Amino acid sequence: MIYITRKLEFCASHRLYNPNFSDEKNAETFGLCNNPNGHGHNYVLEVTVRGEVDPDTGMVLDLKALKHLITTEIIDQVDHKNLNIDVGFLQGIIPTAENIAIKFWDIIEPKIENGTLHKLKLYESERNFVTYKGSAHARVD
Ligand code: NI
């Protein structure tokens, strides 16, 4: 078993708030990310797939195909967008890195043809990032 990772970047804006919270509670909970008119992040997404090396190619999968899948299914949908407004699959959720990573997983996991999606890492900034390995019953370390 070997793990192969593709790293991609996108820029997007968002505002974190819960419509059921008061303005005070939103400000206290989400801090700078609650700024009323939003703000941007330079996100970095790392997609890790695990699988066996195909003896005919020496590869787990075609990285070009993986890049194409992630670009069309995810990056093109979110790059230079307002995550609260412009992105259909993020409607109705608070666009934290956690929630975004879970949505990304649900979109690409069924579409990976060679190998198995192992891990998504989503950086909201250099120091803040989340790691998702799918729902508990599917997790393999
Ligand atoms: Ni933010």
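Both counts, for ligands and for their atoms, begin at 1 and track the order of listing. Only heavy atoms go into these numbers, but all of them, side chains included; no hydrogens, no water, no symmetry mates. Values in this document were obtained by computation on a predicted structure and should not be read as measured data.
- The aromatic rings of His14 and His39 stand perpendicular to each other, their planes meeting at an angle above 60°, with 30° marking the opposite boundary.
- Note on His41: its N/O/S atom closest to the Ni ion (ligand 1) is NE2.
- The name of the N, O or S atom in His39 nearest to the Ni ion (ligand 1) is NE2.
- You'll find the side chain of Thr48 stays beyond 4.5 Å of the side chain of Ile4, heavy atoms only.
- One hydrophobic cluster, built from ILVMFWY side chains closer than 4.5 Å, cannot hold both Val44 and Leu122; they sit in different ones.
- Formation of a donor-acceptor pair under 3.5 Å by the Gln77 side chain with backbone atoms of Thr72 is found in this model.
- Between the NE2 atom of His14 and the SG atom of Cys33, the angle taken at the Ni ion (ligand 1) works out to 120° after rounding to 10°.
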